[in-house]
Amino acid sequence: QVQLVESGGGLVQPGGSLRLSCAASGFSSGSWSIGWFRQAPGKEREEVAYFSNSDGSTRYLDSVKGRFTISRHNAKSTVYLQMTSLKPEDTGVYYCAGSDRDWGSSWFHHPLYDYWGQGTQVTVSS
C-alpha cells in the first residue's frame, strides 16, 4: 500500500521561501513518479512540479520555473519541493501525488495519479 505524507507548509511573506516534503512508502518498483499539485479557493487543482524516479527527470509549471525546485532525497523515497521568491498567487493547499509509472509529458493530468497525500497549506501574505 502506497502512502504519501506531506509536511512543510505554513505562512510566509512575499519573497520568502518554504520547503515541502513528501515522504513516500510502498511503491512496488523503482519506476514511480511524484507530482506536486496545488489548489486555491474557488480554483481548479493545478499542476506545479513533477519528478520521475525512472530517469530523474523533472518538469514544472511555467509560472514556477526558476523559483521552485523538485528533488529527491538521495537515500529515501522522499521528494522535496523547494519554493523560493514566493508570491501571493502561490497560495493554496499543496498535494503530492504518486504513481507507479512515469507519465512523461502527461504529468500535469492529475487523474493519472493513484495515490494522494493529505495536503498542506501554503499561505503567502504580508
**Report entry** More than 12 heavy atoms from other groups under 6.0 Å of CD on Glu44
**Finding:** no
Query raised in the report: Would the number of heavy atoms belonging to other residues, nucleotides or ligands and lying under 6.0 Å from CD of Gln121 be above 12?
Result: yes
Query - Derivation and outcome, side chain to side chain contact (heavy atoms under 4.5 Å, CB included), residues Cys22 and Thr78 - result: CA-CA 5 Å; Cys22 176; Thr78 296; 5.9 Å; no
Any heavy-atom pair between the side chains of [Y] and [X] that's under 4.5 Å?
X: Ile70; Y: Val79; answer: yes
X: Tyr50; Y: Ile34; answer: no
X: Leu20; Y: Val122; answer: yes
X: Ser7; Y: Thr120; answer: no
X: Gln3; Y: Tyr115; answer: no
X: Pro88; Y: Ser125; answer: no

**Report entry** Verdict with supporting geometry, Phe37 and Tyr113, ring-ring contact (aromatic ring centres under 6.0 Å, His included)
**Finding:** CA-CA 11 Å; Phe37 294 80; Tyr113 296 83; 5.2 Å; yes
Query raised in the report: Do Arg19's NZ or CZ and the ring of Trp36 fall within the cation-pi criteria of under 6.0 Å and 45°?
Result: no
Query - Lys NZ or Arg CZ of Arg45 over Tyr95 ring: under 6.0 Å, within 45° - result: yes
Requested in this report: Given side chain to side chain contact (heavy atoms under 4.5 Å, CB included), test Asp114 with Val2 step by step and report yes or no.
Outcome: CA-CA 9 Å; Asp114 296 314; Val2 174; over 6 Å; no
Query raised in the report: Does any donor atom in the side chain of Glu89 or Thr91 lie under 3.5 Å from an acceptor atom in the other side chain?
Result: no
Requested in this report: Assess whether side chain to side chain contact (heavy atoms under 4.5 Å, CB included) is satisfied between Glu47 and Arg59, documenting all intermediate values.
Outcome: CA-CA 10 Å; Glu47 69 282 4; Arg59 298 175 186 262; over 6 Å; no
**Report entry** Mutual orientation of the aromatic rings belonging to Trp32 and Phe51 [parallel < 30°, tilted 30-60°, perpendicular > 60°]
**Finding:** tilted
**Report entry** Aromatic plane relationship, Tyr80 with His73 - under 30° parallel, 30 to 60° tilted, over 60° perpendicular
**Finding:** tilted
If we ignore hydrogens and angles and just use 3.5 Å, is the side chain of [X] paired with the main-chain N or O of [Y] as donor and acceptor?
X: Ser33; Y: Arg101; answer: yes
X: Asn53; Y: Gly30; answer: yes
X: Glu6; Y: Gln118; answer: yes

Requested in this report: Under the salt bridge (Lys or Arg N to Asp or Glu O under 4.0 Å) rule, what do Asp62 and Lys65 come out as? Steps first, then yes or no, please.
Outcome: CA-CA 5 Å; Asp62 283 347; Lys65 285 181 181 177; 3.1 Å; yes
